Amino acid sequence: MSQPSSTSAVSARPRVRFAPSPTGFLHVGSARTFIFNWLYARHNRGTMILRLDDTDVERNTDASVDSIFEGLKWLNLSWDENYKQSERLDLHRKIAWTIFEKGLAYRDFTPAHTGDAERSGEQRSGEQRSGETRSGQQGTWLFNAGMPELPRAESDRRAAAGEPFALRFRVPRETGELIRFTDAVYGEQSKAAADIEDFALLRSDGMPTYHLASCADDADLRISHIIRGQDHLTNTFKHVLIFAAIAETTGAATSKAAGVAPPQFAHLPLLVAPDGTKLSKRRHGPVVSVTTYRDAGFLPEAFINFLCLLGWSPKNDREHMTLQELTDAFSLEGINRSNVVVNFKEAAASTNVVIPALSDAQGSNLLSYPEETFDPKAVWLNAEHIRALPIEDLSARLLLIVRAAGFSVTPEKMLHVTPLIRERIKLLRDVLTAADFFFVNQLPPYDPAELIPQKGDMAMALKVLTRAREVLANVEFKHDPLDQSLRAAAQELGVKAGQMFQPIRVAVCGRKNAPPLFETLEVLGREATLARVEQAIRKIQ
RNA sequence: GGCGCUAUCGUCUAGGGGUUAGGACGGAAGAUUCUCAAUCUUCAAACCCGGGUUCGAUUCCCGGUAGCGCUACCA
């Protein structure tokens, strides 16, 4: 874990951070935030920082930490520094108490609000926290500190007596002040201090809250740009207050932070589900998890490409872009302001799709989510990226999947198969259904009626296959000779080329839709081809 | 409820005081090919509503409506 440079000179190089809280898997919204931060850092030759915001002990899980790293690893985007908030609690507390000493915060001995289930969707009208506000006004929605500003001595006494308390920021409500900041995306923002409640800095167990920890770390790590979800836009007013307090206190207390300039903010439009609600694992399940995309056979570069187009535009009609092109083109100016629908299909359940050629489908989880689950644009972009990949590269990636599904295939064979299916697959896992017949010895059962050519009958199928058997026994197994001899055979038989090819295709592939015939035969080889033709003939007779 | 933010085809978006409102995905039709793809062509598809400002608003302003977010000792 490296330390940030402690030079007091403000660097021209931006320092940005991605700060997920480990309370669930890495979802696509978080991934996009990470990517935008990364792009901004790389575009400006700045520093990318990963920080785990894990101050919520109740909800944090190790599994979640693993899941986040798993997702980020797949994305294959690096970071330069790495922190955990839980290892920096001393710093947070120190800053909280400095703020307290400065008179900008106070102890609140009111028992913690226990109505935890209050949230869940329904509006709470007027918020029934009765009583007076700190400033003595009646009937406000604002948090009530429970008692009109305890005298400091009293507060000290009760604290010394061991009474639990939370530390609250004293928002300067009386002054009628307007809190303002400029957002790189949403422009000038302002909000009356009177509309901001006295938020907690420290919980009664001494743990810092998100607001405190986040700002304390952002200040300490000298984050220059905070790029995050728009759900934090309103919170930012609190953060502006905290940053101001930190600047005020550290200016006197510690020499090192003699002019902590508040960071610049850039809020990202939220990713929402087709029903308009914010993406959440709770509501939408694994379809919003990054690893689901990985397992479905998305290329990380395609997934990144897709996410970038959600709420950002290069403004030149380009859509299919490489990481480098994205990095070059990225800027905060291209970011939009309205929510973005990720057009996935919910409820497309994860029933296992059977791999035709593999009865005991080990690779079943690779096939859990049907293609329609995902945003069609993501799928299309993935196909674009697949087609843009060098054959060797694509082949290597496909081989991994094919082997994971239980087929034993050599890299050489895969290299021959890949060009035949490259334009026929949209997701990497499609290789299993598009090319399975290359990998098995025994074709799965198929309906003999499939062998019947267009405008033909079973007799024609038999005639064609019988003739094909002869031809294929002698012809050289290369595209051109196969093409010529089979066409010639069709002519002799008095059938159309298509009527000749189709029965052979079905005999060899076990289905009607498959890659081009001659290339397929070439890769398959004479032995397997003849065996399958033979089998088809027997099926008919 | 209060506060904040947002509003262009179904979706992602470009644009901007006068345009045939552009592109992409998806959809439809066609071309091509040994099937399926890929590719190419064509078509359908949008400026939330109401007031202003203006010679002229989809664009600027205000209001409404709708959606979203925040309003926790969650992040």
Side-chain angles (χ1 to χ4, degrees), chain A residues 19-23 53-56 58-60 108 110-116 118-119 123-127 140-143 164-168 183 186 189-192 194-197 199-211 213-214 229-238 267 269-270 272 274 276-278 306 309-320 336-343 375-381 383 387 421-426 434 454 483 486-487 490 496-502 504-506 509 511-518:
Chain A
S21 58
T23 57
D53 279 9
D54 56 349
T55 56
D56 185 358
E58 299 284 305
R59 301 199 307 155
N60 292 339
D108 171 18
T110 314
H113 199 238
T114 44
D116 11 51
E118 71 178 283
R119 187 92 290 118
Q123 53 164 21
R124 18 171 210 169
S125 51
E127 185 50 67
T140 322
W141 57 272
L142 248 26
F143 179 81
F165 61 85
L167 196 68
R168 282 186 185 280
D183 189 273
Y186 289 90
Q189 302 294 313
S190 68
K191 182 169 180 166
D195 288 326
I196 304 171
E197 74 279 9
F199 52 91
L201 258 23
L202 251 28
R203 302 177 237 247
S204 48
D205 63 359
M207 284 294 283
T209 62
Y210 161 74
H211 297 304
S214 177
Q230 191 249 31
D231 47 344
H232 285 296
L233 190 64
T234 327
N235 287 332
T236 306
F237 294 106
K238 295 173 190 170
H267 286 89
L270 256 28
V272 299
T277 59
K278 187 174 158 181
F306 169 66
L309 264 18
L310 264 25
W312 173 80
S313 164
K315 297 186 186 298
N316 60 2
D317 284 346
R318 289 212 57 188
E319 308 230 78
H320 175 189
N336 290 129
R337 280 172 288 274
S338 45
N339 287 175
V340 183
V341 173
V342 181
N343 212 356
D375 192 312
K377 195 131 192 180
V379 174
W380 171 76
L381 269 175
R387 291 193 287 267
I421 59 164
R422 166 156 70 168
E423 284 169 356
R424 269 160 269 263
I425 61 175
K426 295 176 175 172
Q454 275 281 306
D483 188 340
L486 287 173
R487 273 181 206 282
K496 292 184 173 172
Q499 292 175 314
M500 180 82 199
F501 300 154
Q502 195 64 356
I504 303 175
R505 169 175 293 111
V506 174
C509 304
R511 70 177 96 102
K512 285 179 171 170
N513 298 340
L517 187 58
F518 312 122

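None of these values were measured; they are calculated from a predicted model. Sequence lines set the chain letters: A, B, ... in the order given, protein chains first and strands last, and positions in each chain run from 1.
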If [N] has a Watson-Crick or G-U wobble mate with both distances under 3.5 Å, name it; if not, just say none.
N: B/U6; value: B/A66
N: B/C40; value: B/G30
N: B/C60; value: B/G52
N: B/A24; value: B/U11
N: B/C73; value: none

Taking the [atom1] atom of each, how far is [N] from [M], in whole Å?
N: B/C60; M: B/C73; atom1: C1'; answer: 46 Å
N: B/G51; M: B/C70; atom1: P; answer: 35 Å
N: B/C3; M: B/U8; atom1: P; answer: 25 Å
N: B/G23; M: B/A46; atom1: P; answer: 14 Å
N: B/A28; M: B/G2; atom1: P; answer: 47 Å
N: B/G63; M: B/A29; atom1: C1'; answer: 46 Å
N: B/U59; M: B/U41; atom1: C1'; answer: 33 Å
N: B/G22; M: B/U39; atom1: C1'; answer: 23 Å

For [X], answer base if it contacts any base atom (sugar-phosphate contacts may also be present), sugar-phosphate if it contacts only those atoms, and nothing otherwise; contact means non-hydrogen atoms under 4.0 Å.
X: A/Pro376; value: sugar-phosphate
X: A/Pro515; value: base
X: A/His267; value: nothing
X: A/Val342; value: nothing
X: A/Ala514; value: base
X: A/His320; value: nothing
X: A/Phe518; value: base
X: A/Leu517; value: base
X: A/Gly229; value: nothing

Would you say [N] has OP1 or OP2 under 4.0 Å from some side-chain N or O of [X]?
X: A/Arg487; N: B/C34; answer: yes
X: A/Lys377; N: B/C12; answer: no
X: A/Arg387; N: B/U39; answer: yes
X: A/Arg424; N: B/A38; answer: no
X: A/Lys278; N: B/G69; answer: no

Report the distance from atom [atom1] of [X] to atom [atom2] of [N], rounded to the nearest whole Å.
X: A/Asp317; N: B/U13; atom1: CG; atom2: P; answer: 14 Å
X: A/Phe306; N: B/U13; atom1: CZ; atom2: C1'; answer: 13 Å
X: A/Trp312; N: B/A14; atom1: CH2; atom2: C1'; answer: 13 Å
X: A/Asn339; N: B/A66; atom1: CG; atom2: P; answer: 17 Å
X: A/Lys191; N: B/U71; atom1: NZ; atom2: P; answer: 9 Å
X: A/Trp380; N: B/U11; atom1: CH2; atom2: P; answer: 19 Å
X: A/Arg337; N: B/G4; atom1: CZ; atom2: P; answer: 18 Å
X: A/Leu270; N: B/G4; atom1: CG; atom2: P; answer: 18 Å

Value rounded to 0.5 Å, distance of CG in A/Leu233 from CD in A/Gln189:
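Answer rounded to 0.5 Å: 5.0 Å.
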
To the nearest 0.5 Å, what is the distance between OH (A/Tyr186) and CZ (A/Arg337)?
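A/Tyr186 atom OH to A/Arg337 atom CZ measures 8.0 Å (nearest 0.5 Å).
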
Taking all atoms of both residues into account, what is the closest heavy-atom pair of [X] and [Y], and its distance?
X: A/Pro274; Y: A/Val341; value: CA-CG1, 3.7 Å
X: A/Leu381; Y: A/Leu309; value: CD1-CD2, 3.9 Å
X: A/Pro516; Y: A/Arg424; value: CD-NH2, 3.3 Å
X: A/Ser204; Y: A/Pro164; value: CB-CB, 4.3 Å

Quick one: which of [options] gets closest to the side chain of [X]?
X: A/Asn235; options: B/C73, B/C70, B/G22; result: B/C70
X: A/Gln502; options: B/U71, B/A75, B/U35; result: B/U35
X: A/Phe501; options: B/U6, B/C34, B/G4; result: B/C34
X: A/Asn336; options: B/C34, B/G22, B/A14; result: B/A14
X: A/Thr55; options: B/C68, B/G23, B/A75; result: B/A75
X: A/Glu423; options: B/C68, B/A38, B/G26; result: B/A38
X: A/Glu319; options: B/A24, B/U35, B/C25; result: B/A24
X: A/Asp53; options: B/C5, B/G15, B/A75; result: B/A75
X: A/Val341; options: B/U35, B/U11, B/C73; result: B/U11
X: A/Gln189; options: B/C34, B/C12, B/C5; result: B/C5

Any N or O donor-acceptor pair linking the side chain of A/Thr234 to the base of B/C70 at under 3.5 Å?
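Flag unset: no donor-acceptor pair detected.
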
Specify the residue among A/Asn513 and A/Leu233 whose closest nucleotide of RNA chain B lies further upstream toward the 5′ end.
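Counting from the 5' end, the first nearest nucleotide belongs to A/Leu233.
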
5' priority, RNA chain B, between A/Lys512 and A/Thr23 [closest heavy atom]:
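It is A/Lys512, whose closest nucleotide lies nearer the 5' terminus.
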
In terms of side-chain geometry, is the basic nitrogen of A/Glu197 or A/Arg168 positioned less than 4.0 Å from the acidic oxygen of its partner?
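Salt bridge between A/Glu197 and A/Arg168, a charged N being under 4.0 Å from a carboxylate O: no.
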
Has A/Lys191 got more than 12 heavy atoms of other residues, nucleotides or ligands less than 6.0 Å from its NZ?
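Atom NZ in A/Lys191 is packed in, count exceeds 12.
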
With side chains defined as the heavy atoms from C-beta onward, is the minimum distance between A/Leu310 and A/Trp312 less than 4.5 Å?
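Side chain of A/Leu310 against side chain of A/Trp312, heavy atoms only: no contact under 4.5 Å found.
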
Could you tell me if the ring centre of A/His232 sits under 6.0 Å from that of A/Phe237?
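They do not qualify: ring centres at least 6.0 Å apart.
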
